[in-house]
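Working notes, beginning with the structure itself.
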Amino acid sequence: QVQLVESGGGSVLTGGSLNISCTASGDTSSLNSVGWFRQAPGEKREWIACIYIPNSMTGYARSVKGRFTISQDIATNSFYLQMSSLRPDDTATYYCAATSREFGTCGRGEGFYNDWGQGTQVTVGS
(Lines give C-alpha, C1' and ligand atoms only; values in the text may rest on other atoms or scores of the structure.)
Protein backbone atom coordinates (compact mmCIF):
# COMPACT_ATOMS: atom_id res chain seq x y z
CA GLN A 1 0.00 0.00 0.00
CA VAL A 2 1.08 3.55 -0.70
CA GLN A 3 0.40 6.74 1.23
CA LEU A 4 -0.02 9.94 -0.76
CA VAL A 5 0.19 13.52 0.47
CA GLU A 6 -0.67 16.48 -1.73
CA SER A 7 0.69 19.97 -1.12
CA GLY A 8 0.99 23.34 -2.79
CA GLY A 9 -2.62 24.33 -3.18
CA GLY A 10 -3.77 27.88 -2.67
CA SER A 11 -5.45 30.86 -4.25
CA VAL A 12 -4.47 32.47 -7.52
CA LEU A 13 -5.93 35.00 -9.91
CA THR A 14 -7.33 34.10 -13.30
CA GLY A 15 -4.52 33.58 -15.77
CA GLY A 16 -2.06 32.74 -13.05
CA SER A 17 -0.04 29.61 -12.37
CA LEU A 18 0.24 27.19 -9.50
CA ASN A 19 2.22 24.02 -8.92
CA ILE A 20 0.94 21.23 -6.70
CA SER A 21 2.83 18.18 -5.51
CA CYS A 22 2.09 14.65 -4.45
CA THR A 23 4.60 12.72 -2.35
CA ALA A 24 4.32 8.96 -2.09
CA SER A 25 5.56 6.77 0.73
CA GLY A 26 5.29 3.10 1.57
CA ASP A 27 5.56 0.46 -1.15
CA THR A 28 6.53 2.95 -3.87
CA SER A 29 8.72 0.54 -5.83
CA SER A 30 5.64 -1.21 -7.16
CA LEU A 31 3.89 1.88 -8.50
CA ASN A 32 3.01 1.97 -12.20
CA SER A 33 0.70 4.93 -12.63
CA VAL A 34 -0.17 8.15 -10.84
CA GLY A 35 -3.14 10.28 -11.68
CA TRP A 36 -4.45 13.69 -10.76
CA PHE A 37 -8.14 14.26 -10.23
CA ARG A 38 -10.21 17.21 -9.09
CA GLN A 39 -13.63 17.72 -7.58
CA ALA A 40 -15.52 20.98 -7.50
CA PRO A 41 -18.37 21.51 -5.01
CA GLY A 42 -21.48 19.65 -6.13
CA GLU A 43 -19.64 17.97 -8.98
CA LYS A 44 -18.30 14.46 -9.59
CA ARG A 45 -14.60 13.83 -9.25
CA GLU A 46 -12.94 14.37 -12.62
CA TRP A 47 -9.77 12.78 -13.97
CA ILE A 48 -7.43 15.42 -15.40
CA ALA A 49 -3.94 13.96 -15.88
CA CYS A 50 -1.84 10.84 -15.44
CA ILE A 51 1.68 9.57 -15.83
CA TYR A 52 2.86 6.04 -16.55
CA ILE A 53 5.89 5.72 -14.32
CA PRO A 54 8.04 3.22 -16.30
CA ASN A 55 8.37 5.50 -19.35
CA SER A 56 6.90 8.83 -18.19
CA MET A 57 4.14 8.66 -20.77
CA THR A 58 1.43 11.16 -19.89
CA GLY A 59 -2.24 11.72 -20.58
CA TYR A 60 -4.50 14.74 -20.14
CA ALA A 61 -8.17 15.49 -20.11
CA ARG A 62 -9.33 17.86 -22.78
CA SER A 63 -10.23 20.46 -20.16
CA VAL A 64 -6.59 20.90 -19.08
CA LYS A 65 -4.53 19.82 -22.09
CA GLY A 66 -2.06 22.51 -23.06
CA ARG A 67 -2.38 24.27 -19.71
CA PHE A 68 -1.40 21.60 -17.18
CA THR A 69 1.73 19.43 -17.10
CA ILE A 70 2.24 16.31 -15.02
CA SER A 71 5.75 15.18 -14.14
CA GLN A 72 7.59 12.90 -11.79
CA ASP A 73 10.78 12.73 -9.75
CA ILE A 74 11.31 9.06 -9.04
CA ALA A 75 14.27 9.73 -6.75
CA THR A 76 12.01 11.52 -4.27
CA ASN A 77 8.77 9.63 -5.07
CA SER A 78 7.21 12.95 -5.96
CA PHE A 79 4.70 13.78 -8.64
CA TYR A 80 3.85 17.27 -9.79
CA LEU A 81 1.08 19.10 -11.55
CA GLN A 82 2.11 22.42 -13.07
CA MET A 83 -0.98 24.48 -13.80
CA SER A 84 -0.99 27.60 -15.93
CA SER A 85 -3.57 29.88 -17.54
CA LEU A 86 -5.83 29.06 -14.63
CA ARG A 87 -9.52 29.87 -14.84
CA PRO A 88 -12.26 30.12 -12.22
CA ASP A 89 -13.66 26.77 -13.38
CA ASP A 90 -10.36 25.15 -12.34
CA THR A 91 -11.38 25.82 -8.73
CA ALA A 92 -11.61 22.46 -6.99
CA THR A 93 -10.02 20.10 -4.52
CA TYR A 94 -7.19 18.32 -6.32
CA TYR A 95 -6.32 14.71 -5.50
CA CYS A 96 -3.50 12.46 -6.55
CA ALA A 97 -3.99 8.72 -6.84
CA ALA A 98 -1.66 5.81 -7.46
CA THR A 99 -1.78 2.20 -8.51
CA SER A 100 0.63 -0.71 -8.76
CA ARG A 101 -1.57 -2.54 -11.24
CA GLU A 102 -0.05 -2.85 -14.69
CA PHE A 103 -2.07 -1.55 -17.63
CA GLY A 104 0.76 -0.65 -20.01
CA THR A 105 -0.35 2.96 -19.85
CA CYS A 106 -1.45 5.46 -17.24
CA GLY A 107 -4.93 5.23 -15.79
CA ARG A 108 -7.55 7.67 -17.05
CA GLY A 109 -10.29 7.02 -14.53
CA GLU A 110 -10.95 6.42 -10.85
CA GLY A 111 -11.27 2.67 -11.32
CA PHE A 112 -7.58 2.34 -12.14
CA TYR A 113 -6.45 3.59 -8.75
CA ASN A 114 -6.52 2.16 -5.27
CA ASP A 115 -4.54 4.66 -3.20
CA TRP A 116 -5.61 8.28 -2.78
CA GLY A 117 -4.34 11.41 -1.11
CA GLN A 118 -6.43 13.68 1.08
CA GLY A 119 -6.59 16.50 -1.47
CA THR A 120 -5.41 20.08 -1.71
CA GLN A 121 -7.62 23.06 -2.47
CA VAL A 122 -7.03 25.26 -5.51
CA THR A 123 -9.07 28.43 -5.82
CA VAL A 124 -8.93 30.64 -8.89
CA GLY A 125 -10.37 34.10 -8.47
CA SER A 126 -11.53 36.41 -11.22
Side-chain angles (χ1 to χ4, degrees):
Q1 193 171 8
V2 172
Q3 294 76 47
L4 303 169
V5 178
E6 301 95 338
S7 61
S11 297
V12 64
L13 294 176
T14 297
S17 300
L18 196 64
N19 298 328
I20 56 178
S21 304
C22 173
T23 302
S25 61
D27 188 16
T28 59
S29 63
S30 64
L31 288 181
N32 274 307
S33 178
V34 165
W36 282 99
F37 294 75
R38 66 185 181 187
Q39 187 169 23
E43 302 289 332
K44 291 182 179 180
R45 189 153 54 186
E46 169 193 19
W47 168 78
I48 55 173
C50 63
I51 188 163
Y52 181 56
I53 293 169
N55 63 10
S56 300
M57 183 180 297
T58 59
Y60 297 93
R62 187 175 299 178
S63 58
V64 305
K65 194 170 186 179
R67 301 188 299 124
F68 291 12
T69 302
I70 187 172
S71 61
Q72 61 181 357
D73 180 347
I74 298 302
T76 60
N77 295 315
S78 297
F79 303 87
Y80 306 99
L81 189 68
Q82 297 174 276
M83 304 182 290
S84 62
S85 301
L86 284 162
R87 312 183 300 225
D89 62 359
D90 292 316
T91 295
T93 301
Y94 284 70
Y95 300 89
C96 66
T99 184
S100 58
R101 290 183 289 170
E102 176 60 75
F103 299 104
T105 185
C106 64
R108 296 174 180 238
E110 290 191 49
F112 287 91
Y113 299 97
N114 41 268
D115 295 307
W116 293 81
Q118 83 290 347
T120 187
Q121 178 67 33
V122 172
T123 302
V124 184
S126 56

In Å and rounded to the nearest 0.5 Å, what is the [atom1] to [atom2] distance from [X] to [Y]?
| X | Y | atom1 | atom2 | answer |
| --- | --- | --- | --- | --- |
| M83 | F68 | CE | CZ | 5.5 Å |
| I20 | Y80 | CD1 | OH | 12.5 Å |
| Y60 | T69 | OH | OG1 | 4.5 Å |
| I70 | C106 | CD1 | SG | 7.0 Å |
| L31 | S100 | CG | OG | 7.0 Å |
| S85 | D90 | OG | CG | 9.5 Å |

* Asked: Do we see a donor-acceptor contact under 3.5 Å between the side chains of T99 and N114?
  -> yes
* Asked: Do T93 and Q121 have side-chain atoms, one donor and one acceptor, less than 3.5 Å apart?
  -> yes
* Scan for side-chain hydrogen bond (donor to acceptor under 3.5 Å, both in side chains) pairs involving residues 13-23, sequence neighbours excluded, and state none if there are none. =>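 Of all non-adjacent pairs touching residues 13-23, none passes side-chain hydrogen bond (donor to acceptor under 3.5 Å, both in side chains).
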Do any N or O atoms from the side chain of [X] and from the backbone of [Y] form a donor-acceptor pair under 3.5 angstrom?
| X | Y | value |
| --- | --- | --- |
| T28 | S25 | no |
| S78 | T76 | yes |
| Q1 | D115 | no |
| Q72 | I53 | yes |
| R38 | E46 | no |
| T58 | C50 | no |
| E6 | G8 | no |

* Do you reckon Y95 sits in the same ILVMFWY cluster as I51, going by side-chain contacts under 4.5 Å, direct or chained? ->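 Cluster IDs for Y95 and I51 differ.
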* Are W47 and V34 co-members of a hydrophobic cluster defined by side-chain heavy atoms under 4.5 Å apart? -> no
* Which residue pairs pass the ring pair (Phe, Tyr, Trp, His ring centres under 6.0 Å) test when at least one of the two sits in residues 105-126, sequence neighbours left out? ->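 Every pair satisfying ring pair (Phe, Tyr, Trp, His ring centres under 6.0 Å) with a residue in residues 105-126: F37-Y113, F37-W116, F103-F112.
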* Please examine the side chains of E110 and R45, heavy atoms only from C-beta on, and report whether any two atoms are closer than 4.5 Å. => yes
* Can you find a pair of side-chain heavy atoms, one from V64 and one from W36, that are under 4.5 Å apart? ->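 No, their side chains stay 4.5 Å or more apart.
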* To do: Show the numbers, then the answer: is there a side chain to side chain contact (heavy atoms under 4.5 Å, CB included) between S84 and L86?
  => CA-CA 5 Å; S84 62; L86 284 162; over 6 Å; no
* To do: Assess whether side chain to side chain contact (heavy atoms under 4.5 Å, CB included) is satisfied between L81 and L18, documenting all intermediate values.
  => CA-CA 8 Å; L81 189 68; L18 196 64; over 6 Å; no
* Tell me, with the steps shown, if V5 and Q118 meet side chain to side chain contact (heavy atoms under 4.5 Å, CB included). => CA-CA 7 Å; V5 178; Q118 83 290 347; 4.3 Å; yes
